[in-house]
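Okay, structure first, notes after.
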Amino acid sequence: MKLDRLIGILSILLQQEKVTAPELAERFEVSRRTIQRDVEALCRAGIPIVTTQGAGGGISILEGYRVDRTMLTAPEMQAILAGLRSLDSVSGTRRYAQLMEKLSAGAGTLVPGSAELLIDLSSWYKDSLAPKIELIQDAIRRHRAVHFCYFSPKGESRRTVEPCYLVFHWSAWYLWGRCRTREDYRLFKLNRMTELSTGEPFEPRPAPLPDLAPERVFPVKYHVTVLFDPAWRWRLVEEYGADGLAEEPDGRLRFTGGFPDADSALGWVLTFGEDAELVEPQELRQKLRDLTRSLAERYDGRN
């Protein structure tokens, strides 16, 4: 991919005083003419690159350029490479690993050979997610709408969206784009999409960035207090951190937190079985009482 190659060339030029076109062509497995076009593209992007001919010549960044060649430290470069590596965990390819190998080869101390940070963005749904991510990426690049069936708590609907960004947040993948049904920008969870397909081209327009603040996406409606058996401390710390916990005189853990709706709160409490007691609010406590009574009648063995 051209963008990968441009990043690679720029990285090499930031780390080496000078490199020749044949060396770059061999490293990236392209022709010298392609390297020349890449250098021209970097120049158009505002990077002052100088090409000198003859013995000792080559390609370099203009002496005195305000961006220091040492601007990327070893930890910073490792973070960049870890990010590139993580993208392969989603796509199921080695596209970015190959770019990383090219950046690492002979790059000196800026790209250490050892990896201290590993990021895996795949999930239990990797087989179904990877094709969706690839399709949406292609639609974004080509400015084409996407069509899909979407499942949400409000029901099932058909959507046509002008895609803007793929977002990885809250341990899941989302599409951010302009929904033609709502005539506004919306966030769609990829796991809730079916029958995804590419549609007609659209005219790109300036798009706002998604506001991913939890209070914006999941506004709190219920503040709950729950008492837990201490054996569940590990899960509470994992999901909400230790700040929302307090130990009672009898050893139980008092948890306080917020939920966007009653179903979310009650469903979460029920996953702990008899080891959780919903204390507040009284409205949800009554709902839970009614729900457990209904469940007891359903499973009382008379049917």
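- For Lys18, the NZ atom sits in a packed shell: over 12 heavy atoms of surrounding residues, nucleotides or ligands are nearer than 6.0 Å.
- Tyr240 and Trp268 have their aromatic ring centers within a separation under 6.0 angstrom.
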Yes or no on salt bridge (charged side-chain N to carboxylate O under 4.0 Å, His left out) for Arg205 and Glu162, after CA distance, side-chain angles and deciding distance?
-> CA-CA 10 Å; Arg205 67 185 83 192; Glu162 299 172 4; 3.5 Å; yes
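- Note: Met193 CE to Tyr174 OH = 11.0 Å, rounded to the nearest 0.5 Å.
- Two rings, from Phe188 and Phe148, have their centers less than 6.0 Å apart.
- Between the CG atom of Asp275 and the CG atom of Leu253 there is a distance of 11.0 Å, given to the nearest 0.5 Å.
- Considering only heavy atoms from C-beta on, Lys132 stays 4.5 Å or farther from Leu135 through its side chain.
- The neighbour count for Glu26 CD, taken as heavy atoms of other residues, nucleotides or ligands under 6.0 Å away, does not exceed 12.
- Val269 and Leu295 fall within the same hydrophobic cluster, defined by Ile, Leu, Val, Met, Phe, Trp and Tyr side-chain heavy atoms under 4.5 Å apart, directly or through other members.
- In this structure, CZ on Arg178 lies 9.5 Å from SG on Cys164, to the nearest 0.5 angstrom.
- The side-chain heavy atoms of Val237 and Leu245, taken from C-beta on, include a pair separated by under 4.5 Å.
- Using a cut-off of 4.0 Å between Lys/Arg side-chain N and Asp/Glu carboxylate O, Arg159 and Glu195 are scored as not salt-bridged.
- When side chains are defined from C-beta on, Tyr222 counts as touching Leu284, because their heavy atoms get closer than 4.5 Å.
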Verdict with supporting geometry, Leu291 and Leu270, side chain to side chain contact (heavy atoms under 4.5 Å, CB included) | CA-CA 10 Å; Leu291 175 59; Leu270 285 171; 3.5 Å; yes
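- Contact check on Glu247 versus Arg252 returns no salt bridge, with no Lys/Arg side-chain nitrogen under 4.0 Å from an Asp/Glu carboxylate oxygen.
- Of all heavy-atom pairs between Gly57 and Thr52, the closest is CA-OG1, 3.2 Å.
- Membership of the apolar cluster around Leu227 extends to Val279, as traced through chained side-chain contacts below 4.5 Å between ILVMFWY residues.
- For the side-chain contact (heavy atoms from CB on, under 4.5 Å) with Asp38, the lone residue among Leu24, Ile59, Ile9 that qualifies is Ile9.
- A donor-acceptor contact shorter than 3.5 Å links the side chain of Thr292 to the backbone of Leu288.
- Taking the charged nitrogens against the carboxylate oxygens, Glu297 and Arg293 have no contact shorter than 4.0 Å, which rules out a salt bridge.
- We find the OG1-NE2 distance between Thr256 and His223 to be 10.0 Å, quoted to the nearest 0.5 Å.
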Show your working on side chain to side chain contact (heavy atoms under 4.5 Å, CB included) between Tyr150 and Arg158 and close with a plain yes or no.
-> CA-CA 6 Å; Tyr150 196 67; Arg158 304 291 308 186; over 6 Å; no
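- Around atom CG of Asp243, no more than 12 heavy atoms belonging to other residues, nucleotides or ligands sit under 6.0 Å away.
- Val167 is not listed as a side-chain neighbour of Leu175, based on a closest heavy-atom distance of 4.5 Å or more.
- Using a cut-off of 4.0 Å between Lys/Arg side-chain N and Asp/Glu carboxylate O, Arg180 and Glu200 are scored as salt-bridged.
- The cluster map of Ile, Leu, Val, Met, Phe, Trp and Tyr, joined by side-chain heavy atoms under 4.5 Å apart, puts Leu196 and Phe168 in the same cluster.
- With salt bridges taken as basic N to acidic carboxylate O contacts below 4.0 Å, none links Arg32 and Glu23.
- The CZ atom of Arg144 sits 11.0 Å away from atom OG of Ser197, with the distance rounded to the nearest 0.5 Å.
- In terms of modelled atom types and a separation under 3.5 Å, the side chain of Arg285 and the main chain of Leu278 share a donor-acceptor contact.
- Between the side chain of Thr198 and the backbone N or O of Ala139, no donor-acceptor pair lies under 3.5 Å.
- With hydrogens and angles disregarded, a donor-acceptor distance shorter than 3.5 Å links the side chain of Trp176 to the backbone of Pro208.
- In this structure, Val161 and Thr181 have side chains that are not in contact, with every pair of non-hydrogen atoms separated by 4.5 Å or more.
- Considering every non-hydrogen atom in both Tyr165 and Pro210, the closest pair reads CD1-CD, 4.4 Å.
- A salt bridge between Arg182 and Asp184 is absent, with no side-chain N of the basic residue lying under 4.0 Å from a carboxylate O of the acidic one.
- Taking the side chain as every heavy atom from C-beta outward, Pro281 and Val224 approach each other to under 4.5 Å.
- Counting only heavy atoms from C-beta outward, the side chains of Lys189 and Trp173 never approach each other to under 4.5 Å.
- Distance CD1/Ile61 to CD1/Ile49: 6.0 Å, rounded to 0.5 Å.
- Residues Phe202 and Ala145 share a closest heavy-atom pair of CD2-N, 3.5 Å.
- Of all the heavy atoms in Val226 and Ala276, the pair that sits closest is CG1-CB, 4.0 Å.
- Geometrically, Arg235 engages Phe272 in a cation-pi contact defined by less than 6.0 Å to the ring centre and at most 45° from the axis.
- Between the side chains of His147 and Thr160, at least one donor N or O lies within less than 3.5 Å of an accepting N or O.
- With contacts defined as side-chain heavy-atom distances shorter than 4.5 Å, the pair Leu236/Phe228 qualifies.
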